[in-house]
Amino acid sequence: MDLHEYQAKELLRAAGVPVPPGRVAITPDEAEAIATEYGVPVMVKAQVHAGGRGKAGGVKFCKTAADAREKAQAILGMDIKGLTVEKVLVTVAADIASEAYVGIIVDRATKKAVFMVSAAGGIDIEEVAATTPEKILYLPVDPRYGLLPFEALRMGFFLYPDAKLARGAAKIMQQLYTAFINAGCSLAEINPLVVTPTNELVAVDGKMVIDDNELDRRPDIAALRDESSEAPSEVDARKANLTFIKLDGNVGCVVNGAGLAMATMDLVKYYGGDPANFLDIGGSSNPEKVVNALRIITSDPNVKCILFNIFGGITRTDDVANGIVTATKQNPLTVPIVIRLTGTNEEIAMEILKANGFSASSDMDEAVQRAVALAKGEAA
Amino acid sequence: MDLHEYQAKELLRAAGVPVPPGRVAITPDEAEAIATEYGVPVMVKAQVHAGGRGKAGGVKFCKTAADAREKAQAILGMDIKGLTVEKVLVTVAADIASEAYVGIIVDRATKKAVFMVSAAGGIDIEEVAATTPEKILYLPVDPRYGLLPFEALRMGFFLYPDAKLARGAAKIMQQLYTAFINAGCSLAEINPLVVTPTNELVAVDGKMVIDDNELDRRPDIAALRDESSEAPSEVDARKANLTFIKLDGNVGCVVNGAGLAMATMDLVKYYGGDPANFLDIGGSSNPEKVVNALRIITSDPNVKCILFNIFGGITRTDDVANGIVTATKQNPLTVPIVIRLTGTNEEIAMEILKANGFSASSDMDEAVQRAVALAKGEAA
Amino acid sequence: MSIFIDKDTTLLVQGITGRDGSFHAKQMMEYGTRVVGGVTPGKGGQVFEGTVPIFDTVHQAVHATGANTTVIYVPPPFAADAIMEAAAAGIKLIVCITEGVPVLDMTRVYPFVKEHGARLIGPNCPGLITPGASKVGIIPGRICTPGNVGIVSRSGTLTYEIVHQLTRAGIGQSSCVGIGGDPINGTNFIDCLAAFEADPHTKAVAMMGEIGGTDEQEAATFIKEHMTKPVVGFIAGQTAPPGRRMGHAGAIISGSSGTAAEKIDAFKAAGMGVASRPVDFVELISARLR
Amino acid sequence: MSIFIDKDTTLLVQGITGRDGSFHAKQMMEYGTRVVGGVTPGKGGQVFEGTVPIFDTVHQAVHATGANTTVIYVPPPFAADAIMEAAAAGIKLIVCITEGVPVLDMTRVYPFVKEHGARLIGPNCPGLITPGASKVGIIPGRICTPGNVGIVSRSGTLTYEIVHQLTRAGIGQSSCVGIGGDPINGTNFIDCLAAFEADPHTKAVAMMGEIGGTDEQEAATFIKEHMTKPVVGFIAGQTAPPGRRMGHAGAIISGSSGTAAEKIDAFKAAGMGVASRPVDFVELISARLR
């Protein structure tokens, strides 16, 4: 789950990281009031889950509160990479002497949280990484010991030869790591970490991504989810414990398991079709999940055919069959459905389907070819 | 540093451990008031840094508040193993169905904090350990991971086959471990951990010993020191950063290093004398320490001769010599002094001593023999 | 012959009284796996299906049964603890089926398991099966048949699909291992490939990867440098849209973007057969067994 | 020949700008130890005594100087971090002089140092010296003389006393190691005894213990079972009053009360010579060198 900049900064502030004062606004009036309250100049920054806000015109410097109002007016409602800006962060603008980059990510290769820090921070950090990798220090944190003081200080001195700044940065590393662990992050970044002309450290932008698997045990973090910034069908799918990504094709796919779901989409393309979505009903199953999956898929007007591809392991195919029956009784289908089921409780599932007038195949290639044909309007 | 039972219980309570309500009293009136406030029956328990309080009559069960007053009257001022009882804990008496033992100690052998738990708790736990060691579960805690949930639950089930009690005990293990780590303990015990007739767990007695090396960074814990319960000379020594233990002999010893101090005492005995104390001025030295050491030693009227045995390493012998000169100028000695100095800056030290009218030896056996003779009133 | 499990595998089921645990414990017993005990705290002393004793702790279960393997079906918040409990109790093969284990939990579990000299398979995996001998996890037994093709896969149901197709075509398996798709798991492709290379009964290996990460590329390098047996590979997600980027950090740390094309190129460079569709494994493996 | 340090020892001094660190850095340099760098965060770039570069971190210092050994003089609250910093930077011999390190810090330091393949001597120890070659720590150099007696001791100043007496009697030392008296330290008697046994130049060993714990008893067992070279032992605290008991837990965990009598009995049972006074070492060692 992505957090907005203003949410990440709240968590960083709570951990002790120096963050410029500010607050979120959803109207130009509020933006002006905040600028007046905290004092100008301020930055007005679009809060959307997309990179490249600045280049899209979603981040503006404002010398006066009236200016903040005007810029907020322009940014609110703006479309950035397909997402509508619903909120702006109005925050005191920091004077910048230098910009550093500090990030932590859970790294597959080392199987640890890894710090990446660079004195060459700012929006071009990826370019720095690609062309001058020696300007980045990688420091994996041993989870058994946590971030040790000497490690934080080593990063501090890598960023700043000045001892006061190095110690200040080391403290911020510890605070960032604490926030990272306490929020169950898979990523946390401060970019830029700014040194002001008066030699103070300020975290001018912050980003956090939460491991979705952490949300159940962190209700306070889960409560930060901003559904207004997500596609409604994805919100719906998540609430139903389904993994759903909308695509542009016309074969609606309902599959169990991410690998099989991807392989099914690949096969749809292989046979000349176009998948309408990625949808994984997950490992353990119950009929309700299938009902929800069908509801979400059928709400997409592009879908011309529905393809179920279920290979039962921990998922019981009888649960899936029951779900199909229940869902189609509630809302009769207006497009054809192709069902492929095999594995756990397959015999029971087949009986349930037959008893309710569905036919089902146990061969994946056959089912996919049939679904592609039906979606094209060809006879099956 | 030993904590009193009431202090240990406060820390345990803060960590979430169920502890019977109660408060400390220093007068019989207060004891009665507390019994009235919390309700009878209560226990009145002497707060002294000595084991075997119960057997000495320092722990009493009281059915009424008047009874609590009377028992407090009897216990306050009582002498237990040479310590005067200045405080009593008045605490609600728990009904006892069974008593378990739970302890954590830093263990030299495993180099870890080790839990010891036994369903056969109470005052005879050491007997249990000696005769039926299988009734004790030892569980070393890996400091890199902390006490893991399954470890706590394993101990819980070792104490109680009943799942509710096992889970309750596991929670208490976690709380005890947290208190142990947060207070910088070298020992923490709950004995007995009581199951009441209504199946509730209660920590009826608690004990904590703090690692003295932790106190500098834990001012809140350091503030719990109760100087009224220690010998004044030991309080004085500690404030001067000296390690001092009073003994019964007449040769006052000032030595640097615990090993050399013990070897010096051994040698005093070897040559027929009797050491008046153990006193280690420690590793790094300054003249002030020596001044304090002399003050403490000379305040003991038994001392007939003072023996300095200093082998300079990190301790500079010139610091010691300066300390002797300063101290004896402030308070001229009334007993003979034998000085043995060698090692770091020995030449400077010898010059300082000579310039101020002291003689000094560099041979330990010679110095000890001389001190023993002087203490006996023999000519040196 | 086989890798990791065989007729001598004696199994505990952690979470044996749960919905998934009890269902699959029965399935494993029916398959012939020697399920010697179950663990559910608070249910110690009960008996599962009339024959399998249940214990409160893994420690008790190992002490009483001598089990050498465990399979874990406990809910995600407790899975890390269950894995560590098994490792601390001396279990040497730990298979964690649970999906949704927080990745920060796994950063602690991984070194703990290593320090205890145990092998972890998973989490978020279907487990493994040595057809005709032992099944640990949830791979449907009847889709498998004994033979000499080793299977290793990051996916669950995709593995079943391919094994199923091999079986229908008369191609049996030595062992099938689902290593799971989580960012941090206990056993990777290379561990399994090395085991198959060392297993005299395995003649060829089928390997199923997915987009993301660099595990398949590293496996391809291992295959090129260390394997004498033929390996056929597949990558799921060839048509998937590019994944969400993980901040700047994600871009900085991964030298690779982990696309299917990149992985397939690595397979080809290692001289492996590459399946375009699951069904292609049948032809490609057959050709290599001849 | 010697143990742990010799002419090839290249040394960092952590805390080189402090009172103790600077004093003893000079003493070591005067003795001939190759002090190649110092570490004090915030003083990087400065130079100590005109010749020794100072760095902000151990990492920088190792990178710049290639030091293989470090000695630590930082205050107690920072000592654990300093030890771990040295181990993480690749230093293989770490000598910590600092007294008063919290024991819970050491429970974390101990496994960290082991994992990094380093040896820690101390904390709360005087360090070690190979007379005529190298001195790391605070043992006064002039009390030592090269020879073939190995010294290992839990004490600081008591060690000096005995070494001093040996030197005065013309008995030289191969190496002298003060392992420190803290409950958890990095190197124990057995580590040093094994090293002396393996050192061809060492002909006999003098070992000084103290009351408390069971290290000396375990060392005696090691000596009996594994050592061919003669060892003479001493226990300080023969007349000390019994120590404070550490709750019930202290009584439960220690099979031994750690008295001097018990340890001396263990020495005798191992066939060791036993010194009653420090000066007795002279006679007992001389007899064994003949």
Side-chain angles (χ1 to χ4, degrees), chain A residues 51 101 103-109 111-114 116 125-126 129 136 138 142-144 181 184-187 189 191 207 209 211-214 216-217 245 247 255-260 262-263 265-270 275 278 282-284 310-316 342-344 364-365, chain C residues 19-20 23-24 27 76-77 97 99-108 110-112 124 126 137-140 143 153-161 164-165 181 183-184 208 210-211 213-215 234 236-241 245-254 260 276-279:
Chain A
Y101 171 86
I104 319 178
I105 194 167
V106 178
D107 174 42
R108 299 174 80 108
K111 301 183 197 296
K112 294 185 175 94
V114 175
M116 283 167 279
I125 182 64
E126 288 172 37
I136 296 185
Y138 296 80
D142 189 326
R144 302 170 303 168
I181 295 293
C185 290
S186 43
L187 171 104
E189 283 180 343
N191 185 33
K207 180 174 180 57
V209 180
D211 177 359
D212 288 343
N213 293 336
E214 297 273 4
D216 274 352
R217 61 182 180 193
I245 300 168
L247 301 171
V255 191
N256 67 321
L260 188 60
M262 288 192 287
M265 291 157 61
D266 292 350
L267 209 58
V268 166
K269 281 246 180 178
Y270 184 90
F278 170 96
S284 65
I310 304 294
F311 207 120
I314 205 158
T315 303
R316 303 192 196 169
T342 191
T344 307
M364 177 169 165
D365 285 73
Chain C
R19 185 181 193 270
D20 293 335
F23 179 82
H24 288 286
Q27 298 272 61
I97 308 302
E99 182 184 348
V101 181
V103 69
L104 288 175
D105 285 6
M106 287 306 302
T107 61
R108 281 160 51 88
Y110 187 82
F112 190 93
N124 188 18
I138 61 173
I139 298 179
I143 63 172
S153 174
R154 250 169 89 175
S155 308
T157 47
L158 176 60
T159 317
Y160 311 164
E161 184 66 47
H164 183 54
Q165 304 217 13
I184 299 180
M208 294 114 220
E210 291 179 5
I211 50 170
T214 57
D215 287 6
F234 175 81
Q238 301 174 42
T239 61
R245 38 170 272 153
M246 277 283 273
H248 293 295
I252 295 171
I253 203 157
S254 62
S276 302
R277 299 174 298 169
V279 72

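By convention in this document, chain letters (A, B, ...) are assigned in the order of the sequence lines, proteins followed by strands, and residues within each chain are numbered from 1.
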Part of A:K269 within contact of chain C (heavy atom distance under 4.5 Å): side chain
For the candidates C:P77, C:P102, C:S155, which exhibits the highest count of non-hydrogen atom pairs separated by less than 4.5 Å from chain A? C:P102
In the structure I gave you, are the side-chain heavy atoms of A:M262 and C:E210 within less than 4.5 Å of one another anywhere? yes
Contacting region of A:F278 [heavy-atom separation from chain C under 4.5 Å]: neither
Which heavy atom of C:R277 sits nearest a heavy atom of A:D365, and at what distance? NH1-OD2, 3.6 Å
Relative to chain A, which segment of C:F112 carries a heavy atom at a distance below 4.5 Å: side chain, backbone, both, or neither? neither
In terms of side-chain geometry, is the basic nitrogen of C:D20 or A:R316 positioned less than 4.0 Å from the acidic oxygen of its partner? no
Honestly, the part of A:N191 sitting under 4.5 Å from a heavy atom of chain C is side chain
Contacting region of C:I139 [heavy-atom separation from chain A under 4.5 Å]: neither
Do C:T107 side-chain atoms and A:P143 backbone N/O form a donor-acceptor pair below 3.5 Å? no
Quick check on A:I181 against chain C: is it the side chain, the backbone, both or neither that has a heavy atom closer than 4.5 Å? both
Answer with side chain, backbone, both or neither: which region of C:Y110 has an atom nearer than 4.5 Å to a non-hydrogen atom of chain A? side chain
Most contacts with chain A, counted as non-hydrogen pairs under 4.5 angstrom, among C:H164, C:Q165, C:M208, C:E161: C:E161
Where does A:D216 contact chain C at under 4.5 Å (heavy atoms): side chain, backbone, both or neither? neither
Does some side-chain heavy atom of A:T344 sit less than 4.5 Å from a side-chain heavy atom of C:Q27? yes
Tell me, for C:P111 versus chain A, whether the close heavy atoms (under 4.5 Å) come from the side chain, the backbone, both or neither. side chain
Any side-chain heavy-atom pair of C:I184 and A:V106 under 4.5 Å: yes
So, the part of C:P76 with a heavy atom under 4.5 Å from chain A: the answer is neither
Closest approach of A:F311 to C:T157 (non-hydrogen atoms, all atoms of both residues): O-CG2, 3.1 Å
Check: A:D266 side chain, C:A236 main-chain N or O, donor-acceptor pair, under 3.5 Å: no
